[in-house]
Q: 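Right, I'll just put the structure down here and ask away after.
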2 protein chains.
Amino acid sequence: MRAVCVIGLGLIGGSVLRAASAAGRPVWGSTTSEDDAAAARADGFDAVEIDEALRRAAAEDALIVVATPLTAVRGVLRKIAEHAPEAWLTDVVSVKDPVAAEVRSVLPGARYAGGHPMAGLSSSGWAAGSGELFSGAAWAVTLDEDTSLEAWREAAQLALDCGAQVVPTSAAAHDSAVARISHLPHVFAAVLAATGADGGPLALSLAAGSFRDGTRVAGSSPDLVRAMTEGNRSALLDAVDDALGRLGAARGSLASTGGLKSTVDAGYDARRYLDDLVTSDRTSTTVRLDATAPERLREIGEIGGRVVALTADTAEIEIPTAA
Amino acid sequence: MRAVCVIGLGLIGGSVLRAASAAGRPVWGSTTSEDDAAAARADGFDAVEIDEALRRAAAEDALIVVATPLTAVRGVLRKIAEHAPEAWLTDVVSVKDPVAAEVRSVLPGARYAGGHPMAGLSSSGWAAGSGELFSGAAWAVTLDEDTSLEAWREAAQLALDCGAQVVPTSAAAHDSAVARISHLPHVFAAVLAATGADGGPLALSLAAGSFRDGTRVAGSSPDLVRAMTEGNRSALLDAVDDALGRLGAARGSLASTGGLKSTVDAGYDARRYLDDLVTSDRTSTTVRLDATAPERLREIGEIGGRVVALTADTAEIEIPTAA
């Protein structure tokens with residue numbers, strides 16, 4: 001099994017290190033956080049200085065996983081260029097086009113496919129992580145025109161080893177999708193929390209489930225939230241504009257007719273569709289990993305399908321019948 | 001202990017019936033839903049025809065609890081006017097000014113104080129309820145210029161018997177507050193769910209905690225959501241306008257500078273304040289239930305205080321020190 005070198009040992013990177021180790025893969029990592037490094041070592045993991053970690057990755061032909069905030073990615077890639085310019089490479093940053101652009105610029109020889117596990121917590125750091133964080137979760141692995149199927153396969157195998165299911169997608173389609181289902185929810189949570197708090201202690205004293213749920217992720221680290229939302233500016237602007245349009249329509253309807261039927265019904269139908277997709281039966285299919293595989297895999301991602309296993313020359317797929 | 005007659009045996013009314021019974025009070029109820037009536041009877045409760053329920057309430061000088069959707073309140077009040085025009089009366093509807101206006105118009109002789117337990121689920125009906133639903137929850141009990149302290153005390157005692165803590169407030173202040181922390185969250189959840197679903201199966205396949213939490217209440221019964229949001233039109237418009245302003249500012253900032261610092265920081269601070277209020281130490285105080293009590297109790301509600309017990313002539317208060 002290919003060794004795994006994780007750069008960044010916070011919530012996500014630390015969980016990848018644990019999960020890959022539990023899957024039987026040789027693992028080591030590096031982090032600029034003294035606290036995370038000490039905590040990882042206390043848990044029995046190998047946390048070393050970054051140059052040493054990358055030299056070892058080159059020597060063992062390991063898969064390098066960049067698990068830092070987006071703002072730190074360029075610096076890490078430069079280090080990789082120095083020590084392991086043709087490394088197997090993936091990342092777990094929440095936007096994919098900006099990372100891919102940095103890789104093209106700094107590490108053109110890397111065998112890279114981007115990744116994004118859809119699991120998180122409002123807490124952060126090594127201590128918040130666990131080897132089970134990704135169990136059953138979706139994990140996007142990007143497949144663009146310049147992605148080699150071998151690099152995609154390495155990143156996808158890591159996701160599967162961590163207990164996740166792989167959603168194949170292009171970087172651009174990923175970024176548009178997460179703008180809607182991850183970054184917009186963070187903006188909404190922040191706006192809702194602030195608008196609620198403007199009602200003062202009386203309002204917050206009356207706050208129950210709907211407000212607590214709707215504002216939970218507003219308690220996430222502001223630096224991490226800014227890194228991911230600001231890093232996906234263009235796609236997030238589209239999503240915010242759509243949301244502003246819908247919220248403005250609700251406002252207009254409430255002011256003019258007093259009714260919110262279309263807003264409420266559309267939200268109910270959308271949430272029901274989400275629940276149906278989660279609980280739906282699945283049909284299984286197989287994709288041969290040949291020259292036509294990238295296009296076919298992206299299509300499968302578009303309709304909600306996921307890769308649940310890889311064999312020597314196939315990807316095993318499940319697609320919700322409700323999609 | 002004063003008997004309790006609950007009209008409407010859905011999630012909230014059914015839970016009030018169970019909780020009041022568990023507190024040792026004689027209880028009976030009525031509902032237009034055959035299913036809820038049969039389920040209540042199967043659980044050993046007395047669910048009778050509405051005229052019979054109200055005649056019995058008059059005979060026993062019971063506290064009548066209106067637990068129907070807002071749209072059905074007027075019809076129920078007319079029935080009460082027929083059978084028990086001077087009844088002890090409260091309600092558990094999610095808006096208070098519209099109910100108070102109906103009571104003034106239809107039942108001027110009733111000894112009324114409005115109520116609103118801040119507990120709910122996205123499921124509905126008798127079967128979804130429980131006697132523990134209100135345990136530790138806030139329960140607003142309104143105290144307006146025309147509310148008698150005796151009527152407020154009866155409604156407040158019911159809330160305490162159900163395991164809740166009483167938030168004293170005016171109907172108008174309540175409606176402004178819940179617009180922000182209950183009705184706006186429902187509108188936000190609907191808008192977020194629809195905007196996310198516009199991203200198609202790929203987006204929903206990638207949806208994780210932030211989207212699930214932010215859209216959970218979009219799965220609530222559309223009729224109930226419309227009844228409560230549309231019933232609080234004026235206060236909700238203010239809240240939606242504030243939210244539109246904040247979301248528009250976020251959009252502008254993201255488009256111009258690329259930054260979301262003020263949005264993210266304001267949301268983080270607001271959510272931290274909410275968490276601080278919940279976990280805060282509390283100071284205890286006592287309010288004598290005399291002529292100055294209504295104003296003093298409303299002030300206590302404004303600063304996040306709650307009534308945790310009533311004695312013969314005092315209300316025992318707890319106020320979070322973080323407020």
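Note that the structure is predicted; figures quoted are calculated from it, not measured.
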Q: Pick one of side chain, backbone, both or neither for R212(B), based on which atoms fall under 4.5 Å of a heavy atom in chain A.
A: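 For R212(B), the contact with chain A is made by backbone and side chain together.
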
Q: Under a 4.5 Å heavy-atom cut-off, does chain B meet the side chain of A189(A), its backbone, both or neither?
A: neither

Q: Between R306(A), R246(A), R272(A), which shows the greatest number of heavy-atom pairs under 4.5 Å with chain B?
A: R246(A)

Q: Tell me which of these, A208(A), A138(A), A218(A), has more heavy-atom pairs under 4.5 Å with chain B than the rest.
A: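 When all of A208(A), A138(A), A218(A) are compared, A218(A) has the most.
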
Q: For G267(B) versus A193(A), what's the shortest heavy-atom pair and its separation?
A: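 Looking at all heavy atoms of both residues, the closest pair is O-CB, 3.7 Å.
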
Q: Find the one option among A239(A), A270(A), G305(A) whose heavy-atom pairs under 4.5 Å with chain B are most numerous.
A: A270(A)

Q: Hey, which of V167(B), D223(B), I300(B) has the most heavy atom pairs under 4.5 Å with chain A?
A: V167(B)

Q: Rounded to the nearest 0.5 Å, what separates atom CD1 in I319(B) from atom OG in S205(A)?
A: 10.5 Å

Q: Would you find a donor on one side and an acceptor on the other, under 3.5 Å apart, between the side chain of R180(A) and the backbone of T195(B)?
A: yes

Q: Mind checking the CG-CZ spacing from L244(B) to R251(A)? Nearest 0.5 Å is all I need.
A: 7.5 Å

Q: Side chain from CB out, backbone as N, CA, C, O: work out which of these in L260(A) comes under 4.5 Å of a heavy atom of chain B, or both, or neither.
A: both

Q: Might you work through the side-chain contact (heavy atoms from CB on, under 4.5 Å) test for H174(B) and L206(A), ending with a clear yes or no?
A: CA-CA 9 Å; H174(B) 166 276; L206(A) 293 173; 4.2 Å; yes

Q: Kindly compute the distance separating CG (L192(B)) from CG (L192(A)), expressed to the nearest 0.5 Å.
A: 10.5 Å

Q: If I take atom CD1 from residue I181(B) and atom OG from residue S210(A), how far apart are they, to the nearest 0.5 angstrom?
A: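 If I round to the nearest 0.5 Å, the distance is 6.0 Å.
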
Q: Taking R233(A) for its side chain and L254(B) for its backbone only, find out whether a donor-acceptor pair lies under 3.5 Å.
A: yes

Q: Looking only at non-hydrogen atoms, find the nearest pair between D265(B) and P222(A) and report the distance.
A: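 Of all heavy-atom pairs spanning D265(B) and P222(A), the closest is OD1-CB, 3.7 Å.
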
Q: Side chain, backbone, both or neither: which part of T257(A) has a non-hydrogen atom closer than 4.5 Å to chain B?
A: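 The backbone, not the side chain.
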
Q: Hey, mind stepping through L247(B) and F188(A) against side-chain contact (heavy atoms from CB on, under 4.5 Å) and telling me if it holds?
A: CA-CA 8 Å; L247(B) 191 58; F188(A) 260 45; 3.9 Å; yes

Q: Tell me, side chain or backbone of D241(B) under 4.5 Å from chain A's heavy atoms, or both, or neither?
A: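 Just its side chain gets close to chain A.
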
Q: I'd like to know if R216(A) pairs up with D275(B) as an ion pair, taking the criterion as any Lys NZ or Arg NE/NH1/NH2 lying under 4.0 Å from an Asp or Glu carboxylate oxygen.
A: no

Q: Count the heavy-atom pairs under 4.5 Å between each of A177(A), A197(A), P201(A) and chain B, then report the option with the highest count.
A: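 Among A177(A), A197(A), P201(A), the one with the most close pairs to chain B is P201(A).
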
Q: I need the minimum non-hydrogen distance between A190(A) and T263(B), along with the two atoms involved.
A: CB-O, 3.5 Å

Q: Contact part of T169(B) toward chain A, heavy-atom cut-off under 4.5 Å: side chain, backbone, both or neither?
A: side chain

Q: Side chain, backbone, both or neither: which part of L277(B) has an atom under 4.5 Å from a heavy atom of chain A?
A: side chain

Q: Measuring heavy-atom distances to chain B, does A179(A) have an atom under 4.5 Å in its side chain, in its backbone, in both, or in neither?
A: neither

Q: Give, as side chain, backbone, both or neither, the part of A249(B) having an atom under 4.5 angstrom from any heavy atom of chain A.
A: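 Neither part.
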
Q: What part of V191(A) gets within 4.5 angstrom of chain B, counting heavy atoms only: side chain, backbone, both, or neither?
A: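 Both parts, heavy atoms under 4.5 Å.
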
Q: Do you know the tightest heavy-atom contact between G219(B) and Y268(A)?
A: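 In this case the closest contact between G219(B) and Y268(A) is O-CE1, 3.4 Å.
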
Q: If you look at every heavy atom in L274(A) and L204(B), which pair is closest and at what distance?
A: CD1-O, 3.9 Å

Q: Got a second to check how far R271(B)'s CZ is from F211(A)'s CZ, nearest 0.5 Å?
A: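 Between R271(B) CZ and F211(A) CZ, I get 8.0 Å after rounding to 0.5 Å.
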
Q: Check E230(A) against K261(B) and note the closest heavy-atom contact, atom names and distance.
A: OE2-N, 3.8 Å

